[in-house]
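Each remark here refers to the structure printed beneath this line.
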Number of protein chains: 2
Amino acid sequence: MTARARARAEITGEIKATARRHIAEGGATALSLRAVARDLGMVSSALYRYFPSRDALLTALIVDAFDAVGEVAEKADRSASPGDAGDRWRAVGHAVRRWALDNPHEYALVYGSPVPGYVAPPDTIEPATRITTVLMTVLSAIAEESVPRFMPEPPASTAAELAAIAPDLPPAQTALGMAAWAQMFGAISLELFGHLESVVYDRDAFFDHLLTLAIMEVRLAP
Amino acid sequence: MTARARARAEITGEIKATARRHIAEGGATALSLRAVARDLGMVSSALYRYFPSRDALLTALIVDAFDAVGEVAEKADRSASPGDAGDRWRAVGHAVRRWALDNPHEYALVYGSPVPGYVAPPDTIEPATRITTVLMTVLSAIAEESVPRFMPEPPASTAAELAAIAPDLPPAQTALGMAAWAQMFGAISLELFGHLESVVYDRDAFFDHLLTLAIMEVRLAP
DNA sequence: AAGAAACGAGAGCAGTGCTCTTGACAAAGA
DNA sequence: TCTTTGTCAAGAGCACTGCTCTCGTTTCTT
């Protein structure tokens, strides 16, 4: 590796790092090539030697974000008890949520609304499958575990809040209602933001089935 | 109502209409006051007589979008069989999804990532509760209905696709897995994009309970 | 009818992405 | 070792953005 190639890799990394910093505190539209260049003590045009356009820089950051959330999920899965599929699921879920809360703008970058005019290049779909693989693996393990049928009660603090929301319903049922809500919302967002199109094709029927499942839980509550 | 007030209301409506049109085909960041003004045959500065800033115009559009999706939900609920809570739920779900697919950028405006630097003014929270009210009402009705316990099978087309995704699992279980996935994703997005903070306070415990519920379904499958 | 308020138009400021040209420097070939 | 070749930072410049200010003009209110 020549000195030039090394310098190039280093500068590319610095550009991505400061760009990520800017996005972290202002979101995607706050990403300004000139501002990044200013922070690095170079002139804006010099930046085009490393990224052909603003979108290209954004794409690189999106790929990194997909990779980051995928790694978070994999790590959480590994750190959970291998035999307990439920523990694995919850570990992954909490880890992904933690990452999302810590990096809200990066989460929005990959799971929020796509940047207008931006079309995901092929480079992004491979890192995107990383977390999908983890989730599918864990869910398969859960499906193969046979556990007694019971519907868990929410913990005391949650139960109190749920009682405040719907005083005339048992908290467990309200919790299932919010789960149904989250599920519906999540299904729409997954479909709309393009994380489903390569998996499910008859999305009308699929969504209808999901809606049915969502309220089955509510009915199973008591 | 004076002629001036009438003209003002009319022009305000035209501005919002063309702004909505621009957003529909380019997203929120494609909303340019100058472009809107150009389309209306006026100069950009004149537009500031009607909206004090770009964000104010965006806020008006967000309020309208919340109102639109709320009305869609209410209308769907009314058009369903009043006695069949499950039918009401599915009608609302399909209607909201339809609206989201028809108006993706407006959906992203209210349920996708918030525009950077944009903080939702108080005006937006009241229209935002409209759909929440509908969903809670329907879910309450579902909770009060007593129905036999059974886990519905996915329709044939969906079952085939699910079998392709996970060949070694029963399609019904794969469907429940994707429902769990959508639920987790939806819960994170709801929390992150600020549609939950005025409802749930101990979000850590709440999210943990949701995660548990999500996989209960998977376990209940066979 | 006179004053006040609202209005549209225009110029101008600071910022943006991006392109093109210029000169300096390093890496390889003769 | 000298020369060519390609890469690099820098600067000027274009078209665009949100926004502010000023200027006459129109409309409503008193």
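Letters A, B, ... mirror the listed sequences (proteins, then strands); counts begin at 1.
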Can you find a donor-acceptor N/O pair under 3.5 angstrom joining the side chain of R34(A) to the base of dG15(C)?
-> no

Given that S44(A) and R38(B) both sit by DNA chain D, which one's nearest nucleotide is further toward the 5' end?
-> S44(A)

Once you round it to whole Å, what is the distance between C1' of dA9(D) and CZ of F51(A)?
-> 17 Å

Any side-chain heavy atom of L101(B) within less than 4.5 Å of one from E191(A)?
-> yes

Classify the side chain of S45(A) versus the base of dA10(D) as yes if they form a donor-acceptor pair under 3.5 Å and no if they do not.
-> yes

Go through dA9(D), dG13(D), dT20(D) for me and flag the one nearest to the M42(A) side chain.
-> dA9(D)

Base, sugar-phosphate alone, or nothing: which one does S32(A) contact when heavy atoms must sit under 4.0 Å apart?
-> sugar-phosphate

Might you work through the side chain to side chain contact (heavy atoms under 4.5 Å, CB included) test for H22(A) and D39(A), ending with a clear yes or no?
-> CA-CA 10 Å; H22(A) 284 194; D39(A) 270 25; 3.0 Å; yes

Could you go through the side chain to side chain contact (heavy atoms under 4.5 Å, CB included) check for F207(A) and V200(A) one step at a time?
-> CA-CA 10 Å; F207(A) 184 80; V200(A) 180; over 6 Å; no

Determine the contact category for A5(B): base if any of its heavy atoms lies under 4.0 Å from a base atom, sugar-phosphate if only primed atoms, P, OP1 or OP2 are that close, otherwise nothing.
-> nothing

Name the nucleic acid region contacted by S53(B), choosing base, sugar-phosphate or nothing; use a 4.0 angstrom heavy-atom cut-off, strictly under.
-> sugar-phosphate

Round to a whole Å and report the spacing from CG of L47(A) to C1' of dA10(D).
-> 13 Å

Think R6(B) has a side-chain N or O under 4.0 angstrom from the OP1 or OP2 of dT27(D)?
-> no

Taken to the nearest whole Å, CZ/R4(B) to P/dC7(C) is 6 Å

Whole Å only: how far is the CG atom of D55(A) from the C1' atom of dC18(C)?
-> 12 Å

H22(A) NE2 to dG15(C) P, straight-line distance once rounded to whole Å = 15 Å

For the student: nearest non-hydrogen atoms of R88(A) and D77(A), plus distance | NE-OD1, 2.6 Å

I11(A) near the nucleic acid: base, sugar-phosphate alone, or nothing, with a heavy-atom cut-off under 4.0 Å?
-> sugar-phosphate

Sugar-phosphate only, base, or nothing, as touched by L31(A) at under 4.0 Å among non-hydrogen atoms = sugar-phosphate

Check every strand shown and say whether Y50(A) touches a base, only sugar-phosphate, or nothing at a heavy-atom separation below 4.0 Å.
-> sugar-phosphate

Write down the atom of R54(B), the atom of L31(B), and the distance for their closest heavy-atom approach.
-> NH1-O, 2.6 Å

Spacing of L40(A) atom CG relative to dC8(D) atom P, expressed in whole Å = 15 Å

Taking for R49(A) and for L33(A) the nucleotide of DNA chain C with the nearest heavy atom, the one nearer the 5' end belongs to L33(A)

Y48(B) OH to dT22(D) C1', straight-line distance once rounded to whole Å = 16 Å

Does dC8(D) have OP1 or OP2 sitting under 4.0 Å from an N or O in the side chain of R8(A)?
-> yes

For S157(A) and Y201(B), what are the C-alpha separation, side-chain angles and deciding distance, and is it a side-chain hydrogen bond (donor to acceptor under 3.5 Å, both in side chains)?
-> CA-CA 9 Å; S157(A) 66; Y201(B) 298 94; over 6 Å; no

Rounded distance in Å - CD (E10(B)) to C1' (dC7(C)) = 15 Å

